[in-house]
Each structure stands twice: as C-alpha cells, then as structure tokens.
Participant: 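I'd like to ask you about the structure that follows.
Computed from a predicted structure; not experimentally measured.
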Amino acid sequence: MGDLELLLPGEADVLVRGLRSFQLREMGSGGWNQQHENLEKLNMQAILDATASQGEPIQELLVTHRKIPTLVVELIAVEMWKQKVFPVLCRLEDFKPPNTFPIYMVLHHEASIINLLETVFFHKEVCESAEDTILDLVDYCHRKLTLLVAQSGHGGPPEEEESQYGTPMQELQKQAELMEFEIALKALSVLRYITDCMDSLSLSTLSRMLSTHNLPCLLVELLEHSPWSRQEGGKLQQFESGRWQTVSPSEQQKLSKLDGQVWIALYNLLLSPEARARYCLTSFAKGQLLKLRAFLTDTLLDQLPNLADLQGFLAHLALTEAQPPKKDLVLEQIPEIWERLERENRGKWQAIAKHQLRHVFSPSEQELRLQARRWAETYRLDVLEAVAPEQPRCAYCNAEASKRCSRCQNEWYCSRECQVKHWEKHRKACVPAAQGDRAK
C-alpha cells in the first residue's frame, strides 16, 4: 500500500466488511460515528494507494464485498438528513449546543463518501459493481450539478467570511453551504467516470442520463457559467484543492481539471455508440450543443486532441434538421433510494430532530473529550500531509506556507504577520482543536 500506511491489508478488509447503512435517526450515534471514522480511514488510504500507484486494494475490497451500493445508500441518506432534518434542528429554539462539532461530522459525512467514490470510480469495475444503485447515483449527481448551475446564476458560491454576531448554529449553516459547493464539484468528477462506462450501463441508466435529465445540455450550461472560475481584483482565480487559487497569466490558457471533466463527459455522452443511438437531438438540444463551438479553440484542441471528433460532430449537427421528441414506450427501472427513505420518514422529521437533540447532539464534557481523542487518532498529521495534493498554503494570503500553528497544528502560514491577521477567524477552530489534543 505504499511507503505510508494508515491501514494494514487485514484492517482494511475488516473495515470494508463492516460497512452498513444507518437509519436517519441513527446519524451521529456511537455506531454511526465509528463507521464515519472508518470511512475517513478508508478514504485516506485510498488516496495514498492511488498516489503511490502500487495497486488499489481499497477499491478492490469495496468491489469484492459489494459495498459500493451501501456507500450510495449512505450518501443519499445523509443528503436527505441535511435537507430534511438539519433545517429543523436549526429552527429549534431550545437547541443551543455548547459544541457543534458532532453535528458538523454528520454534515461532513456526505463529503467523505463522495470523495471516496471519486477516488475509486476511476475504475470501470467499481461502476459496474454499483448495480442498480447507479441510477440513484446518476440522480444524485444531477441534483448537485443543477444546484451548481443555479448557484452560478446568483453570484457563485458563498464566501467564507468572518461573522462577528452569528450563533454557533448559524456558523454551522454557513459551513454547510460552503461544503455543498465542494461536494457538487466531486459529484461532477463521479459523473464523468460513470460516462466512461457507457458501453456497460443499462438502458434505464442511459435513458435517465440522456432523456430524463438531458445531461449534455446541463453540462453545456456548466461550461458557460464555469462556477469553479472567477475574477477577483482583476485576477483570474480557480477553485482547486479545496480553495480559490490565483492563476498566473502564463497558466490561464491551461485547461483546468474540472473543465476537462466536463469536456470528457460531453465527449462520452455525445459520441459513444450507445449515446448516439439513443440521444434525441431536438431543436432545444441542437441549440444548446452548438454553443460548444465557441469554446473549441485551437488551444483547447491541443490539450484534448480527441475533441476534434466532437468538433466534427457539431459541424455535422449544424447542417442537419432537428429531430422531433421521441415518445418511446419503454419499461424502465427508476431510482428508489430517495423515494424509499422519504416514504419511511415522511412526517417524522421533527421527531427525528428532537430525538437527536436529546440523545446524540448534546454530549457530556467527558463524551466530547473521548470523541476528540478518537478524531485525533483518525486524522493523523503525517497521513494528512501525505494525501495533501500540493505544498501547504497560507490560510491568510494563499502563498506557499512553511509554518504551522503551534497550538492546534492544523493551519499553515507563510509568516507570523499573516498568522496574527488570521487569528480572529482561526481562533474558533484552534481552541477546540487544541483542547481535544490535550484530552488525549
């Protein structure tokens, strides 16, 4: 598993075998927390394996033990919890937790799962092992990308600004919004890997992607809005590795990873034999797709030569008549996870929130210290540094950093001056983290 191991092969096998789905009311409980920690360990080990390029046993274990469907169920369950239960918790007047970190871990659970799926879905056998839940995963990705497009039309993702008067729950809501943006970008990558498997997807899945959701047109909108790019102070910035980074003038013509994911997904959805046989090129679809011609510059084609085939497809499309909408009567499978969870919990959202308030999100000081010790053991600094995609960046000015906060050991700075300027914002996370470390 590479030079740095978080899990031994036997340990990883035990953790994968133990993965299971939880009811919504169980989220944040002791057993659920244990699985969240296990998922984080599997997540970090999967990244280490992929980085070392020495085989990927986590991906193989998930396929062997048929746990990809379990991860998809858990992903959609926590998505539903965030939409249905978390807002109820935020409205409860008698809920003023002294520490919101237990709730934050539930919010972060969705990011943990989608990150693991992004790492392993690169392999075709993982997509195939999802079985019928691939339909649910396609729907999940569509929901996230639709929100991303809608957010782009309203000024982009929320800014991470200091709030001087917000309550802990209001701060948590702001963190959840910021997290949602990153989750949507991960969902884009997962969707692209699913499109790499067009030849092995069921007819129902192809119909869901091409007809029900019309993903090619949605991806055109994403390219137009490019929510992962922005102008800030006259400089181009792109969202990479979890933060906005300024792009130097010499790098601005370079294709970003996220733009590349969109183009590859479009190529697969429009030019694969399976898609060409089933995608209905209506007048609306034709109008949307022809917008792509303005983006297909020589610079782009130099970086992704295969897009020359897409350019030829669009030239031919411009000369052909639009097709009338198809009205085929086909018996299709439909996604069932979201509908089943909603049916099982309909009318119970407030009861679930109140149960979790009393039994899950109001831990004692001793329970918090015990959990802090477990988190510290899970998030080992040597492993976190190994899975980091690049040189640490200053939390204040985004320059390359070599100094770390001596108190919590979590944040990086390029200088003492930047650390002092960032303290008012950092202290909220620094003090609890340092207390948890002392509890070890």
Side-chain angles (χ1 to χ4, degrees), residues 40 44 90 96-108 111-112 155-183 230-235 237-247 361 363 365 368-440:
E40 288 286 24
M44 289 186 279
C90 293
K96 297 177 181 178
N99 192 309
T100 57
F101 207 67
I103 309 175
Y104 176 84
M105 296 309 286
V106 179
L107 294 171
H108 187 259
S112 299
E159 292 290 335
E160 188 175 1
E161 295 175 351
E162 179 71 9
S163 174
Q164 297 180 354
Y165 306 103
T167 66
M169 289 302 291
Q170 288 172 336
E171 289 293 325
L172 203 58
Q173 285 177 285
K174 184 188 295 183
Q175 289 175 326
E177 289 179 30
L178 290 165
M179 207 182 301
E180 193 65 31
F181 177 67
E182 295 189 54
I183 288 170
R230 70 181 186 185
Q231 291 289 332
E232 190 74 15
K235 296 181 179 179
Q237 292 187 336
Q238 290 179 343
F239 194 86
E240 289 184 12
S241 307
R243 65 176 66 206
W244 289 101
Q245 300 185 29
T246 300
V247 182
F361 297 136
E365 184 69 25
L368 272 176
R369 287 182 177 276
L370 179 62
Q371 190 61 56
R373 185 181 303 122
R374 296 173 67 95
W375 289 327
E377 291 169 358
T378 299
Y379 299 107
R380 281 171 37 195
L381 290 175
D382 58 337
V383 176
L384 291 175
E385 288 172 9
V387 300
E390 57 178 19
Q391 174 80 12
R393 295 275 176 175
C394 176
Y396 184 77
C397 73
N398 201 37
E400 286 194 0
S402 58
K403 304 177 187 300
R404 181 187 282 163
C405 174
S406 60
R407 186 177 191 137
C408 70
Q409 295 288 305
N410 291 335
E411 204 65 273
W412 289 83
Y413 298 97
C414 65
S415 65
R416 172 70 177 167
E417 182 183 6
C418 280
Q419 184 177 10
V420 170
K421 290 178 179 177
H422 192 246
W423 173 243
E424 280 303 311
K425 186 172 188 176
H426 176 52
R427 68 188 303 170
K428 292 183 179 180
C430 181
V431 175
Q435 290 174 344
D437 189 54
R438 287 198 298 272
K440 290 181 65 175

Participant: Nearest 0.5 Å, what's the NE2-CD1 distance between His108 and Ile103?
Facilitator: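 It is 15.5 Å, given to the nearest 0.5 Å.
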Participant: What heavy-atom pair brings Leu107 and Ala176 nearest, and what distance separates the two atoms?
Facilitator: CD1-CB, 4.1 Å
Participant: In Å and rounded to the nearest 0.5 Å, what is the NE2 to OH distance from His422 to Tyr413?
Facilitator: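 Reported to 0.5 Å precision, the distance equals 5.0 Å.
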Participant: Counting only heavy atoms not in Phe361, do more than 12 fall under 6.0 Å of its CZ?
Facilitator: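 Counting neighbours around CZ of Phe361, more than 12 heavy atoms of other residues, nucleotides or ligands fall under 6.0 Å, so yes.
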Participant: Any sub-3.5 Å donor-acceptor pair from Ser415's side-chain atoms to Cys418's backbone N or O?
Facilitator: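 Side chain of Ser415 to backbone of Cys418, a donor-acceptor pair under 3.5 Å: yes, one is there.
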Participant: Look at the side chain of Gln245 and the backbone N and O of Glu240, then say whether any donor-acceptor pair between them is shorter than 3.5 Å.
Facilitator: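 Yes.
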Participant: Could you check if a side-chain atom of Glu182 sits within less than 4.5 angstrom of a side-chain atom of Phe239, using non-hydrogen atoms only?
Facilitator: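 Yes, side chains in contact.
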Participant: For a quick test of reading the model, state the closest non-hydrogen atom pair linking Cys405 to Gln419 and the distance between them.
Facilitator: CA-NE2, 3.9 Å
Participant: If you measure from CH2 on Trp244 to CZ on Arg230, what distance do you get to the nearest 0.5 Å?
Facilitator: 5.0 Å
Participant: Rounded to the nearest 0.5 Å, what's the gap from CD on Glu171 to OH on Tyr104? Could you check?
Facilitator: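 Spacing of CD (Glu171) from OH (Tyr104) equals 12.5 Å.
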Participant: On a heavy-atom basis, which atom in Arg243 and which in Ala395 lie closest, and how many Å separate them?
Facilitator: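 That would be NH1-CA, 4.3 Å.
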